[in-house]
Number of protein chains: 2
Amino acid sequence: MPAATLSREEVAQRLLAEFRRSGYQGASLASLSEATGLGKSSLYHYFPEGKVDMARAAMEVVGGWMRETVLPNLSKDGPPEKRLKKYCAALSEFYEKGALPCLTELFSIGEAAEYFQQMLRQSMGNTIKLLSAVMEEDGIDAAEAARRAEDAMVMVQGALIVSRTLGSNAPFARTLRKLPEILLAR
Amino acid sequence: MPAATLSREEVAQRLLAEFRRSGYQGASLASLSEATGLGKSSLYHYFPEGKVDMARAAMEVVGGWMRETVLPNLSKDGPPEKRLKKYCAALSEFYEKGALPCLTELFSIGEAAEYFQQMLRQSMGNTIKLLSAVMEEDGIDAAEAARRAEDAMVMVQGALIVSRTLGSNAPFARTLRKLPEILLAR
DNA sequence: GTCTATACGAAGATAGAC
DNA sequence: GTCTATCTTCGTATAGAC
């Protein structure tokens with residue numbers, strides 16, 4: 001029995017949950033400690049630089065999921081429409097059908113923005129590139145594809161906010177359902 | 001010369017700026033004090049209940065602007081298309097062309113959500129009603145109008161997030177430009 | 001109505017034992 | 001690798017003088 005101890009990855013997942021609940025500045029070492037079941041000192045064992053380090057780990061968790069389970073749907077074989085539909089389905093799971101907030105929003109305000117904005121910008125830019133490529137494959141010209149990819153980001157981020165404000169996953173679900181059609185419209 | 005002193009409204013406007021910069025939990029009494037130029041004790045003179053009270057005042061400032069300068073555009077005379085265009089133009093000013101974050105987003109996470117989520121939900125619901133009414137006047141049936149009004153909320157909120165993440169007002173400007181046409185499409 | 005001073009708990013972070 | 005204990009700074013809030 002090598003370990004009943006949590007792996008760094010498992011700890012990071014629990015940190016992520018707490019950052020999503022409270023935001024960067026709203027998450028305290030006390031709340032992060034409670035969320036992980038580890039004492040503060042144990043957290044510093046995993047994350048020597050403290051809270052920023054924990055937030056970075058949380059971002060790496062979502063970044064990894066995004067790269068491994070969501071974005072690959074855009075690059076696989078098959079017709080653009082099918083790929084976009086798979087992508088949207090994976091995104092829906094990623095955000096638990098609209099129940100989970102996105103770190104892009106949470107970490108782009110206040111102190112967290114100083115640490116993470118650059119990475120968030122790069123990450124969104126990369127997603128826009130991947131989405132554009134799919135649309136271009138469907139015969140949409142590059143400039144228009146870029147605009148529509150940006151629109152997709154707008155709709156996903158907006159749907160998350162509206163869903164949590166209204167207390168219903170419906171706006172998010174509806175937005176993702178119609179997204180592929182909008183992106184490939186002629 | 002009755003007063004070189006700041007009115008409660010003027011103080012609230014400066015508080016608003018700081019809450020927008022840092023979010024609810026990111027704004028400290030120290031930063032709020034600096035933003036207003038008032039000592040902490042003076043702030044407590046205006047806002048006896050402390051930080052929540054200051055945030056409430058900031059929300060009242062934006063709520064007032066929204067009710068007085070943005071939403072009336074929807075209720076005035078004239079064709080629906082013109083009213084929606086005026087509304088979007090006013091919204092653009094309201095958010096300074098996409099440079100300012102919306103309190104709906106900032107105050108719907110963490111501790112602030114406990115205080116303000118109900119009000120934010122009501123406010124967004126009200127806006128959706130007003131937008132729907134305009135579309136219905138243009139002959140769009142009620143259920144479709146309600147969906148599109150929700151879409152409008154999605155696009156505005158999303159455009160604000162994307163614009164700040166990418167560091168460009170372009171997504172916000174483009175989104176608002178095409179919004180009236182999308183809402184009234186047949 | 002604004003200030004200085006201060007109380008006091010919370011927050012981030014570290015030391016050192018086990 | 002986890003804990004208890006502790007340090008220091010920050011955050012919220014209040015008292016009381018002017």
Side-chain angles (χ1 to χ4, degrees), chain A residues 1-59 61 106-107 109-116, chain B residues 1-59 61 106-107 109-116:
Chain A
M1 287 289 171
T5 54
L6 268 48
S7 70
R8 200 190 129 106
E9 166 88 9
E10 287 165 329
V11 173
Q13 285 178 29
R14 297 181 186 202
L15 294 172
L16 168 63
E18 171 56 15
F19 281 119
R20 278 184 149 150
R21 213 180 319 281
S22 307
Y24 180 75
Q25 315 205 60
S28 65
L29 288 200
S31 72
L32 293 164
S33 171
E34 196 185 352
T36 54
L38 295 175
K40 293 184 209 174
S41 298
S42 301
L43 285 177
Y44 273 88
H45 169 73
Y46 288 99
F47 310 99
E49 293 162 60
K51 192 161 121 172
V52 197
D53 212 355
M54 300 178 208
R56 195 178 297 122
M59 285 212 23
V61 168
L106 298 179
F107 284 6
I109 275 286
E111 188 192 338
E114 296 167 28
Y115 305 124
F116 300 119
Chain B
M1 287 287 172
T5 53
L6 268 48
S7 71
R8 201 189 128 105
E9 165 87 10
E10 287 165 330
V11 173
Q13 285 178 28
R14 297 180 187 203
L15 294 172
L16 168 63
E18 171 56 15
F19 282 118
R20 280 183 147 150
R21 214 182 317 281
S22 307
Y24 180 75
Q25 314 204 64
S28 65
L29 289 201
S31 72
L32 293 165
S33 170
E34 196 186 351
T36 54
L38 295 174
K40 296 182 205 175
S41 299
S42 302
L43 285 178
Y44 274 88
H45 169 74
Y46 288 99
F47 311 100
E49 292 162 60
K51 192 162 121 172
V52 197
D53 213 356
M54 299 175 209
R56 194 178 298 122
M59 286 213 18
V61 168
L106 297 178
F107 285 6
I109 276 285
E111 188 193 338
E114 296 166 27
Y115 305 125
F116 300 118

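All values below come from the heavy atoms of this structure, side chains included, with hydrogens, waters and symmetry mates left out. In what follows, chains carry the letters A, B, and so on, assigned in the order in which the sequence lines appear, proteins first and then strands, with residues in each chain numbered from 1.
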Rounded to the nearest angstrom, tell me the gap between atom [atom1] in [X] and atom [atom2] in [N].
X: B:L29; N: C:dC8; atom1: CG; atom2: P; result: 18 Å
X: A:Q25; N: D:dG11; atom1: CD; atom2: C1'; result: 12 Å
X: B:K40; N: D:dG11; atom1: NZ; atom2: P; result: 8 Å
X: B:E111; N: D:dT12; atom1: CD; atom2: P; result: 9 Å
X: A:D53; N: C:dG12; atom1: CG; atom2: P; result: 14 Å
X: B:F47; N: D:dT12; atom1: CZ; atom2: C1'; result: 16 Å
X: A:L43; N: D:dT4; atom1: CG; atom2: C1'; result: 15 Å
X: B:E34; N: D:dC10; atom1: CD; atom2: P; result: 14 Å

Is B:K51 touching bases, backbone alone, or none of the nucleic acid, heavy atoms closer than 4.0 Å? sugar-phosphate
Under 4.0 Å, heavy atoms only, any strand: does B:S28 hit a base, just the sugar-phosphate, or nothing? sugar-phosphate
So if I take every side-chain heavy atom of [X] and compare against [options], which nucleotide ends up nearest?
X: B:Y44; options: C:dT14, C:dG1, D:dT14; result: D:dT14
X: A:S42; options: D:dG1, C:dG12, D:dC3; result: D:dC3
X: B:L38; options: C:dT2, D:dG11, C:dA13; result: C:dT2

I need the [X] [atom1] to [Y] [atom2] distance, nearest 0.5 Å.
X: B:R56; Y: B:L15; atom1: CZ; atom2: CG; answer: 13.0 Å
X: A:Q25; Y: B:S28; atom1: CD; atom2: OG; answer: 9.0 Å
X: B:Q13; Y: B:E9; atom1: CD; atom2: CD; answer: 5.0 Å

Any idea how B:F107 and B:Y24 line up, ring-wise: parallel (<30°), tilted (30 to 60°), or perpendicular (>60°)?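 If you compare the ring of B:F107 with that of B:Y24, the planes turn out perpendicular.
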Is there, by distance only and without an angle test, a donor paired with an acceptor across the side chain of A:S41 and the base of C:dA15 below 3.5 Å?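 Indeed there is one.
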Can you see which heavy atom on B:E49 is nearest to which on B:D53, and at what distance? N-OD2, 3.2 Å
Distance check: side-chain N/O of B:H45 vs OP1/OP2 of C:dG1, anything under 4.0 Å? yes
